Amino acid sequence: MCESDNESENNSSAHISVFEQRAYIKIETIRGKTVPEIHAALNEVCGTDTVDRSTVQRWHQRFRDGRTSIDNNPRSGRPSTVTQDNTNAAILATLLDEDRRITVREIEQETGISKSSVHRILTEILQKRKIAARWVPHFLSPEQKDTRKDICRELLSRYENEKETFLDRIIAIDETWIRDFEPELKSQSNIWKGITSPRAKKVRRQQTKVKQMMIFAYDKLGIIVTDRVPIGSSVTGDYYKTFLAKKLRPEIRKKRPGMLQNGVSILHDNARPHIGAPVVALLEKYGWERLKHPPYSPDLSPPDFDLFPKLKEPLRGIRFPNLDILNEEMDYKLKDQDILYELFNITDDMAIDSDIGGDSDADDITPISRQITSSGMNDSISDQDKPSSSGCNSRTKRSLFKVVETASDVLNEWDSDSESNADDTDKDKDYEPCPVSNEININFSDDNADDSYTDFNERNILNVGSTCNYVNNELRKDSNTKKFNFTKIGKQPEHFSKSTFQMKSPISNNIFQSTPINIWEKIFSPLIDLIVRESNLYAEQSNNLLDTTSEEMKAFIGILIIMGFHSLPSIRHYWSNDKNFFCDRVASIMTVKRFLKLVRFLHINDNSKMPPPSLEFPSRHLSIDESMVAFKGRSGMKQYMPMKPIKRGFKVWALADSASGYLINFEIYTGKNSNNLTEFGLGENVVLNLSQYLEMKFHCIYFDNFFTSLPLAEKLLNNDIFSCGTFRINKKYYPKDLMKKDSLYKPGDIEFAQCDDISICRWKDRGSKPVTVISSMHDASHTEIVHRKNSRGEKIAISCPSSIADYNRYMGGVDKFDQYMAAYSICQKSRRWWVKLFYYLLDTSIVNSFLMYKKSCNRHKRKYMSHLEFRSTLANELISNYSSRKRPTISPSQKRSKSNVEVISTYESHIATKIATYRRCFRCSTKKHDKRSNIMCATCNKVLCKDCFAEYHKT
């Protein structure tokens with residue numbers, strides 16, 4: 001029988017181990033100590049880790065009986081060497097050969113070997129592990145396995161012979177089900193938690209039965225075309241044939257110039273619609289090759305294994321109200337360049353080792369015999385869904401075309417350059433131009449499947465980044481047209497789709513290497529000499545001598561910048577004798593009298609010499625809004641706007657870059673202007689005046705309902721400027737007969753009307769009234785997905801018109817500029833109205849300088865200084881070493897330190913001390929007889945003359 005001890009042998013948290021305590025018990029037993037004495041000594045040292053008294057007594061008795069070892073006695077049972085016995089390993093190997101599913105417990109019962117020993121033999125000696133079978137759609141017969149090998153060898157051989165041209169011709173096509181709810185994968189619910197935190201629980205959910213089938217066709221450069229099968233229908237042979245002829249082939253001609261001439265190889269699985277006689281005949285007619293595909297091999301189908309799982313993963317766990325909203329979200333993801341880059345950069349390790357590899361719907365295509373009588377297919381996605389060829393590296397292409405990669409792991413690097421961009425319409429003998437129609441009227445019946453197709457998505461696509469030299473005069477409308485014929489059919493504005501924006505910035509690429517003053521001088525340096533000249537002239541006219549210089553004026557501006565981020569209640573506080581306000585940095589530059597004199601005679605008279613508005617690096621999207629310059633003095637231009645944060649001041653119409661907030665142009669409102677166009681109101685004329693430098697550049701301008709009108713949108717469109725803005729429904733030309741009343745709208749309702757390239761869209765979110773937006777660059781029927789929280793706090797996806805989504809995205813340019821301006825504004829109090837505008841102009845130059853610097857640093861991926869650091873550096877560079885003081889400044893603390901420098905005399909407990917300045921005597925000085933002294937009582941803190949010092953303290 002084995003001797004069992006109560007103590008733990010492996011207590012990692014004890015300061016003194018059990019064996020060390022046994023050794024101590026042995027030593028003390030030899031020395032003749034009793035059990036209570038030994039246990040008390042152990043308890044004093046080990047505390048809670050001390051072995052109990054009975055254990056001390058047991059080992060004390062053993063050592064008295066002559067035992068010398070402190071180790072445990074050997075245990076009963078088989079020796080550990082049984083795990084190394086080749087005989088037992090052979091017995092276990094025989095049992096495994098007879099039954100591969102035998103359990104460890106069954107082996108233990110049959111052989112008599114302990115369970116731990118059985119497990120050790122299986123894992124360490126026999127090198128076995130027990131794993132479950134992987135679920136596969138079908139078991140492959142030996143013939144099918146041989147077919148897989150033969151097809152892979154054939155494709156590999158073709159690649160070795162034809163190299164890149166073989167993969168350039170391949171187009172992979174497949175279908176998948178898109179459901180309104182797909183449950184999250186287990187791996188998607190992983191969260192970081194503490195070691196002791198319990199495992200989260202999650203209810204198992206099933207995918208819904210509400211679904212719609214989509215067809216995807218793509219090559220190594222990206223998606224070529226997608227198509228949605230009508231709800232409730234699947235893909236039949238006739239439908240698939242129509243897709244190839246009427247959807248895929250025109251898109252190949254448009255998006256892959258030269259591909260039809262070089263040959264097309266179609267890679268799709270062996271589903272019945274793909275191998276039917278109509279499809280085979282159509283492929284032979286076009287001369288398209290159909291690559292062989294092994295049966296029941298979704299792992300050799302790029303869409304099933306790579307594209308579909310990655311495309312569906314972001315949508316899992318989101319319950320969409322209906323399939324229309326789901327389709328809008330899918331379209332958005334297919335147009336997002338970042339998402340496409342992620343989809344087409346699936347590496348081999350990700351595809352092979354991922355738990356989400358393979359599409360669950362790959363074998364869920366059941367042909368439906370009923371005839372499809374839909375009015376037409378959905379639009380294909382735009383050509384923007386194609387990722388750039390530079391984003392497709394060798395791993396991407398191997399992942400897209402795993403048919404070849406299965407046979408070989410080593411492939412040569414792919415050439416990412418595309419083929420010639422020349423269209424092959426003149427070389428394709430089967431090409432027939434399709435007329436463009438504004439109405440979609442497509443019938444896919446068998447009788448007229450080849451004759452009734454209208455390519456309503458065919459349009460000229462300009463290369464992105466090239467200079468836009470296309471102007472379609474037929475799209476321009478007469479500016480005097482006063483009738484807008486709106487319809488309920490939405491379409492993409494042709495003028496906008498045919499325009500390509502490119503703005504060549506005059507900013508140097510290396511501007512991030514410049515100092516803040518170098519950047520600021522690019523904007524403001526022409527004004528320095530003008531300010532100096534006009535200020536000196538104004539002082540002479542006032543019979544004063546200012547005699548300022550450029551260096552002094554730069555130092556003056558530097559002080560204003562410091563005052564902007566180091567704010568005090570008034571200007572004089574910077575030179576105050578109170579150390580709580582005194583600013584040595586400002587006081588050391590110039591005296592307060594000199595600073596106030598510069599402020600007094602600061603002048604700018606010749607406005608005709610002002611430089612024109614600068615157009616530095618504006619992006620395509622700009623915004624126009626009103627800004628306020630605070631002023632409460634007397635001026636005929638002062639405005640009162642009770643709804644603004646700044647209620648009184650000068651109104652400034654501003655044009656700013658939507659992305660950065662850079663102020664491009666501004667106009668101060670001075671009242672009615674006789675130079676404005678009479679056919680437009682104030683708001684329209686403001687937009688036209690601010691945007692006159694942007695004509696023929698294809699900018700997109702956003703503004704609110706104060707400026708918006710339908711004639712203005714048409715006028716801007718004639719100038720090649722696209723516009724989008726909120727709209728007041730009480731304005732002229734609003735199509736009331738096509739729109740519902742406000743009271744009839746429910747949250748989420750969308751209604752639109754379109755007239756040529758100008759659209760009106762209305763959408764009710766959660767407010768009391770719907771939002772109305774007009775646009776000359778959006779398809780009124782297009783929507784995007786936005787997220788809102790319901791009453792339970794759950795995040796839900798709702799549909800929003802694209803025009804309203806873009807308006808919310810790009811309208812805040814002027815607000816961004818105002819935020820930069822308000823953070824460290826240099827504006828100081830002044831009764832002269834134009835000085836306030838001068839401060840605004842100076843602040844504008846500083847903010848624009850910082851934005852130029854920030855954009856340049858971001859472009860070169862360099863770290864940039866903050867706005868405050870930029871202003872501080874600019875102030876230091878402007879001031880440099882300039883100082884107009886004849887002697888160094890003295891801080892208030894230094895002035896007070898000179899007060900108690902010399903003790904003159906004492907009177908009882910009162911000490912007379914000498915101070916630096918002469919002050920009026922507290923006892924005898926009057927207004928008529930002013931008597932001053934430099935003696936102060938340190939105890940009373942009173943200035944007294946020599947005659948009054950003793951007399952004052954006697955009383």
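From a predicted model like this one, the values you see are computed outputs, not experimental measurements.
- Here the OG-NZ distance, from Ser234 to Lys211, works out to 8.5 Å after rounding to the nearest 0.5 Å.
- Between Asn88 and Val118 there is no side-chain heavy-atom pair separated by less than 4.5 Å.
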Is there a side-chain contact (heavy atoms from CB on, under 4.5 Å) between Gln109 and Lys115? Walk through the geometry before answering. CA-CA 9 Å; Gln109 295 174 356; Lys115 184 168 62 175; over 6 Å; no

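- Listed by chain and number, the residues in a side-chain contact (heavy atoms from CB on, under 4.5 Å) with Thr68 are Lys26 (sequence neighbours excluded).
- Taking Gln819 as the reference, nothing meets the side-chain contact (heavy atoms from CB on, under 4.5 Å) condition, with sequence neighbours excluded.
- The CD atom of Glu175 sits 10.0 Å away from atom CH2 of Trp177, with the distance rounded to the nearest 0.5 Å.
- In this structure a side-chain-to-backbone donor-acceptor pair under 3.5 Å is present from Asp52 to Thr55.
- No side-chain donor from either of Arg53 and Asn43 sits under 3.5 Å from a side-chain acceptor of the other.
- Proximity of Pro183 to Phe181: side-chain heavy atoms (C-beta onward) are separated by under 4.5 Å at one or more points.
- Leu155 CG to Glu160 CD: the interatomic distance, rounded to the nearest 0.5 Å, is 11.5 Å.
- With sequence neighbours excluded, no residue satisfies side-chain hydrogen bond (donor to acceptor under 3.5 Å, both in side chains) with His60.
- Not a single side-chain hydrogen bond (donor to acceptor under 3.5 Å, both in side chains) links Arg64 to another residue, sequence neighbours left out.
- In this structure, CD1 in Ile25 is found 12.5 Å from CD1 in Ile30, a value given to the nearest 0.5 Å.
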Chi angles and distances behind the side-chain contact (heavy atoms from CB on, under 4.5 Å) call for His787, Ile796: CA-CA 6 Å; His787 294 89; Ile796 59 174; over 6 Å; no

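- Counting only distance, with no hydrogens or angles, the side chain of Glu20 and the backbone of Ser17 share a donor-acceptor pair below 3.5 Å.
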Go through the steps to decide whether Thr50 and Gln21 satisfy the test side-chain contact (heavy atoms from CB on, under 4.5 Å), and finish with yes or no. CA-CA 8 Å; Thr50 308; Gln21 296 185 52; 4.1 Å; yes

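- With ring centers used as reference points, Tyr864 lies 6.0 Å or more from Phe870.
- Contact check for Tyr218 versus Ile173: no side-chain heavy atoms found under the 4.5 Å cut-off.
- Side-chain contact between Phe216 and Pro303 is absent, with no heavy atoms from C-beta onward closer than 4.5 Å.
- Under the rule for a salt bridge (Lys or Arg N to Asp or Glu O under 4.0 Å), the partners of Asp150 that lie at least two apart in sequence or sit in another chain are Arg153.
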Under the side-chain contact (heavy atoms from CB on, under 4.5 Å) criterion, do His867 and Tyr824 qualify, and how do the steps go? CA-CA 9 Å; His867 187 199; Tyr824 312 107; 3.8 Å; yes

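- For the residue pair Ala41 and Tyr24, the shortest heavy atom distance occurs at CB-OH, 3.2 Å.
- Under a 3.5 Å cut-off, the side chain of Ser117 and the backbone N or O of Ile113 do not form any donor-acceptor pair.
- In terms of heavy atoms, His293 sits closest to Asn270 at O-ND2, 2.7 Å.
- Counting heavy atoms of neighbouring residues, nucleotides and ligands inside a 6.0 Å radius, atom CD of Glu108 exceeds 12 of them.
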Contacts under 3.5 angstrom, residues 89-107 side chains, donor-acceptor by atom type, not counting sequence neighbours:
from	atom 1	to	atom 2	distance (Å)
Thr94	OG1	Ala90	O	2.9
Asp99	OD1	Arg101	N	3.0
Thr103	OG1	Glu106	N	3.2
Glu106	OE1	Thr103	N	3.2

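- The two residues Ile785 and Ser799 come nearest to each other via the heavy atoms CD1-CA, 4.4 Å.
- Nearest approach of Tyr820 to Lys854, heavy atoms of both residues: OH-NZ, 3.3 Å.
- Considering only residues two or more places apart in sequence or on other chains, Lys145 meets the salt bridge (Lys or Arg N to Asp or Glu O under 4.0 Å) condition with none of them.
- Salt bridge annotation for Arg316-Glu182: present, with a cationic side-chain nitrogen under 4.0 angstrom from a carboxylate oxygen.
- Contacts of Gln61 classified as side-chain hydrogen bond (donor to acceptor under 3.5 Å, both in side chains), with partners at least two apart in sequence or in another chain: Asp65.
- Applying the side-chain contact (heavy atoms from CB on, under 4.5 Å) criterion to Arg792, with sequence neighbours excluded, gives Asn790, Glu794.
- Residues forming a side-chain hydrogen bond (donor to acceptor under 3.5 Å, both in side chains) with Lys33 (at least two apart in sequence, or on another chain): Glu28.
- Here the CZ-CG distance, from Arg120 to Leu126, works out to 13.0 Å after rounding to the nearest 0.5 Å.
- Qualifying side-chain contact (heavy atoms from CB on, under 4.5 Å) partners for Thr123, counting only residues two or more places apart in sequence or in other chains: His119.
- Contact check for Met213 versus Thr176: no side-chain heavy atoms found under the 4.5 Å cut-off.
- In summary, the side chains of Thr873 and Asn876 do not present any donor paired with an acceptor at a separation below 3.5 Å, with no hydrogens or angles considered.
- The side-chain heavy atoms of Val45 and Ile16, taken from C-beta on, include a pair separated by under 4.5 Å.
- A distance of 8.5 Å separates NE2 in His39 from OG in Ser54, rounded to the nearest 0.5 Å.
- Arg158 is linked by a salt bridge (Lys or Arg N to Asp or Glu O under 4.0 Å) to Glu162, Glu289, counting only residues two or more places apart in sequence or in another chain.
- Using a 4.5 Å cut-off on side-chain heavy atoms (C-beta onward), Pro747 and Asp765 make no contact.
- The heavy-atom pair separating Ile170 from Asp219 by the smallest distance is O-CB, 3.3 Å.
- In this structure, Arg22 satisfies the cation-pi test against Phe19, with its NZ or CZ atom closer than 6.0 Å to the six-membered ring centre and inside 45 degrees of the ring normal.
- Counting heavy-atom neighbours within 6.0 Å of Lys149 NZ, excluding the residue itself, gives a total of 12 or less.
- The shortest non-hydrogen separation linking Pro295 to Leu140 is O-CD2, 3.8 Å.
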